[in-house]
Amino acid sequence: MPKRRQVIVRDSAVMGTGAMEAAPASKAPTEKGYDPLSESSLKDFFNDVFTMADDARKPREMIWHDAWDLYNNQYDWSAKAWWQTKAPVPKVRSAVDKAVALFRKTLLRLNPFYAIQAESRLGRQKGNYTVSLVDYWFDQAAAIEGLVTAFKVGMITSTAITKVWWQTVRDFKPELEIKSIEVPVTEFGVQTGVRSEEKRDIKFAEHTTGKLGIAAVDPFNVWIVPGTGKRMVIERTVTTLDEIMALSEGKKPVYIPEAAEKLKQRSATKIEEVREARRKGEAPPRTSDFIRQVELFHFWGDIYDKNGRVALADASFTMADKDILLRAARPNPFFHKQAPLVIGTPYVVPFSTYNRGMVEDVAEIARRITELSCLIMDGALFDAMKAFSVDLDTLDDPSEAKGGVYPGKTFLRRGNATQPGQKTVETIDVGKIPAEAMNALGMFHGYFSEGTYLNEWVVGQGGKTGRTLGEVNIKTQSALEGLDESARNLE
């Protein structure tokens, strides 16, 4: 009979694993004539998991585009007439920027904002040196800027992604060059000899060095494969053809040289650049004849064969343009055996892959505030500028009324066509701005503050008079708890 411990382990194995955890890898039986790690097999596997991940992300992607448009104050005014007001109210951008400013202030106040624990005296002593070293690398990599940018992206979309990796960069090393030169010695204008002098010059020699990299990643460039406990991730990057060719040369090339040669015959790909430029508020980049860009898709996770068995656990490979295997499958080189991406969210939705952000909760309210504000401004414009009716029968030339009525406008009237007291131009009463519109606008502002956790006390606008200190503290602390939750989730 099996031992009790073996029974417990087997029973526990059927319960599955938690998020970011992997079950023990199994050895898939080999099949004659079939290689699951060949280029054709990896291409079929990649296209299958990418399609599955992309289909699962599409509903969130629509929300992300909508949220980015609101943050950039981009509205569709195509249905409005030329005279109607088209002034966006920057409620979303101000709310996100204020929340991120509070997060940045907290990070800068906590110096350092992390800790290294040790149990022994020697360990604590080494930990102090480690903190100094980590602070140096964090400063070189602009870690706070990367974290704050990722937090802002998470508030806009719902996914804050930070990439942490060791990058190889080009650097310049100062070198001291000492030269011995002969200087003539003269007396009374006549050279009597020479003497030797040292000339020191500082030159900068180019060399390659390593550097810590911490950067925010656009969530539009990351796909999480559903049903894998968030361990299977695909990242899209754009690089130049020159970088690919440089990494495919030498004795131990990183990329497959034959695959890199295939990319020479292709033009630069521009798939996501148009939408990315819209999010940046810039014009889409044109295709350059010199700087040739290539789309790369890096896969991180377990590789399965056509029978549904794991062919290589904790692996990685790279596809170029989704159809060229640029880097063969290999074991994950990192000790944690995961992708070099830290994926978080400001607000957790139970059992959700991409969770939620701040903007999506108040997106429709922000639109209504803009639309209602534009409507009120249109009413104020009519109330100030007035509307007029012109009696064409009294005009000598009826075409004079086509240009409208403006200050200093002159009309020629027919002397025999008018009656005493008859007016050629009369003012039309278009009504006043209804009080209900102003009340509705105030109601929407209140709902927006509740949805963003930014009331009048948090943003520094004070509030109505007559409130006690306890009430102010309670309301401020209640609003800060929502922002504190987002910061802790990101942490």
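Contact annotation: the side chain of Ile244 approaches that of Leu296 to within less than 4.5 Å [non-hydrogen atoms, C-beta and beyond]. Residues Met232 and Phe299 are in side-chain contact: their nearest non-hydrogen atoms beyond the backbone lie under 4.5 Å apart. For the pair Asp314/Arg231, a side-chain contact is recorded, criterion being any heavy-atom separation below 4.5 Å from C-beta on. Using a 4.5 Å heavy-atom cutoff, the side chains of Pro88 and Trp77 are in contact. Counting heavy atoms from C-beta outward, Met52 and Val225 have side chains that approach closer than 4.5 Å. Side-chain contact between Arg60 and Pro219 is absent, with no heavy-atom pair separated by less than 4.5 Å. Leu341 is listed as a side-chain neighbour of Glu235, based on a closest heavy-atom distance under 4.5 Å. Contact annotation: the side chain of Gln140 never approaches that of Leu212 to less than 4.5 Å [non-hydrogen atoms, C-beta and beyond].
Heavy atoms from other residues, nucleotides or ligands lying under 6.0 Å from CD1 of Ile202 number 12 at most. In Lys86, the NZ atom is crowded: over 12 heavy atoms of neighbouring residues, nucleotides or ligands sit closer than 6.0 Å. Remark: Met443 CE is packed, more than 12 non-hydrogen atoms of other residues, nucleotides or ligands lying under 6.0 Å away.
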From CA spacing to verdict: side chain to side chain contact (heavy atoms under 4.5 Å, CB included), Ile256, Ile324: CA-CA 10 Å; Ile256 302 174; Ile324 297 178; over 6 Å; no
Criterion side chain to side chain contact (heavy atoms under 4.5 Å, CB included) on Gln338 and Trp300, from CA distance to verdict: CA-CA 7 Å; Gln338 298 176 11; Trp300 304 88; over 6 Å; no
Candidate pair Tyr71 and Val96, rule side chain to side chain contact (heavy atoms under 4.5 Å, CB included), full reasoning: CA-CA 8 Å; Tyr71 179 77; Val96 171; 4.0 Å; yes
Stepwise side chain to side chain contact (heavy atoms under 4.5 Å, CB included) test for Leu326 and Val294: CA-CA 11 Å; Leu326 188 60; Val294 182; over 6 Å; no
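Partners of Asp76 under the salt bridge (Lys or Arg N to Asp or Glu O under 4.0 Å) rule, at least two apart in sequence or in another chain, do not exist in this structure. Remark: Tyr354 pairs with no residue by the side-chain hydrogen bond (donor to acceptor under 3.5 Å, both in side chains) rule, at least two apart or across chains. Not counting sequence neighbours, Ala79 has no partner by the side-chain contact (heavy atoms from CB on, under 4.5 Å) test. Shown here are the side-chain contact (heavy atoms from CB on, under 4.5 Å) partners of Asn72, two or more places apart in sequence or in another chain: Trp68, Gln74, Arg93. Legend: residues meeting ring pair (Phe, Tyr, Trp, His ring centres under 6.0 Å) with Trp165, ordered by chain and number and at least two apart, are absent.
Note that OG of Ser316 is 8.0 Å distant from CZ of Phe334, once rounded to the nearest 0.5 Å. In this structure, CG on Leu70 lies 5.0 Å from CZ on Arg367, to the nearest 0.5 angstrom. Between the OG1 atom of Thr345 and the CD1 atom of Ile161 there is a distance of 10.5 Å, given to the nearest 0.5 Å. Distance check, rounded to the nearest 0.5 Å: OG1 of Thr130 to CD of Gln125 gives 11.0 Å. Taking OG1 of Thr318 as the reference point, atom CD1 of Ile234 lies at 11.5 Å (rounded to 0.5 Å). Distance check, rounded to the nearest 0.5 Å: CE of Met358 to OH of Tyr347 gives 4.5 Å.
Ion pair Arg368/Glu364 flagged as a salt bridge, since at least one NZ, NE, NH1 or NH2 atom sits closer than 4.0 Å to an Asp/Glu carboxylate oxygen. Electrostatic pairing of Glu261 and Lys264 counts as a salt bridge here, judged by a charged N lying under 4.0 Å from a carboxylate O.
Relative ring orientation between Phe45 and Phe317 is described as tilted, the plane-to-plane angle lying within the 30° to 60° band. His65 and Phe220 have tilted rings, their planes meeting at an angle from 30° to 60° on a 0 to 90° scale. Ring-plane geometry between Phe297 and Phe50 is classed as perpendicular, the angle between the planes exceeding 60 degrees on a 0 to 90 degree scale with a lower cut at 30.
The side chain to side chain contact (heavy atoms under 4.5 Å, CB included) test with Val217 is passed by exactly one of Val222, Thr237, Ile343: Val222.
No hydrogens or angles considered: a donor-acceptor pair under 3.5 Å links the side chains of Thr85 and Asp378.
Smallest separation of non-hydrogen atoms from Arg170 and Glu206: CD-OE2, 3.0 Å. Listed here is the closest heavy atom pair of Lys230 and Val233: O-CG2, 3.9 Å. Between Gly123 and Ala118, the closest heavy-atom pair is C-CB, 3.3 Å.
Within the 3.5 Å criterion, the main-chain N or O of Ala366 finds a donor-acceptor partner in the side chain of Thr370.
Sorted by first and then second residue, the salt bridge (charged side-chain N to carboxylate O under 4.0 Å, His left out) pairs with a member in residues 142-156 read Asp97-Lys152, Arg104-Glu145; sequence neighbours excluded.
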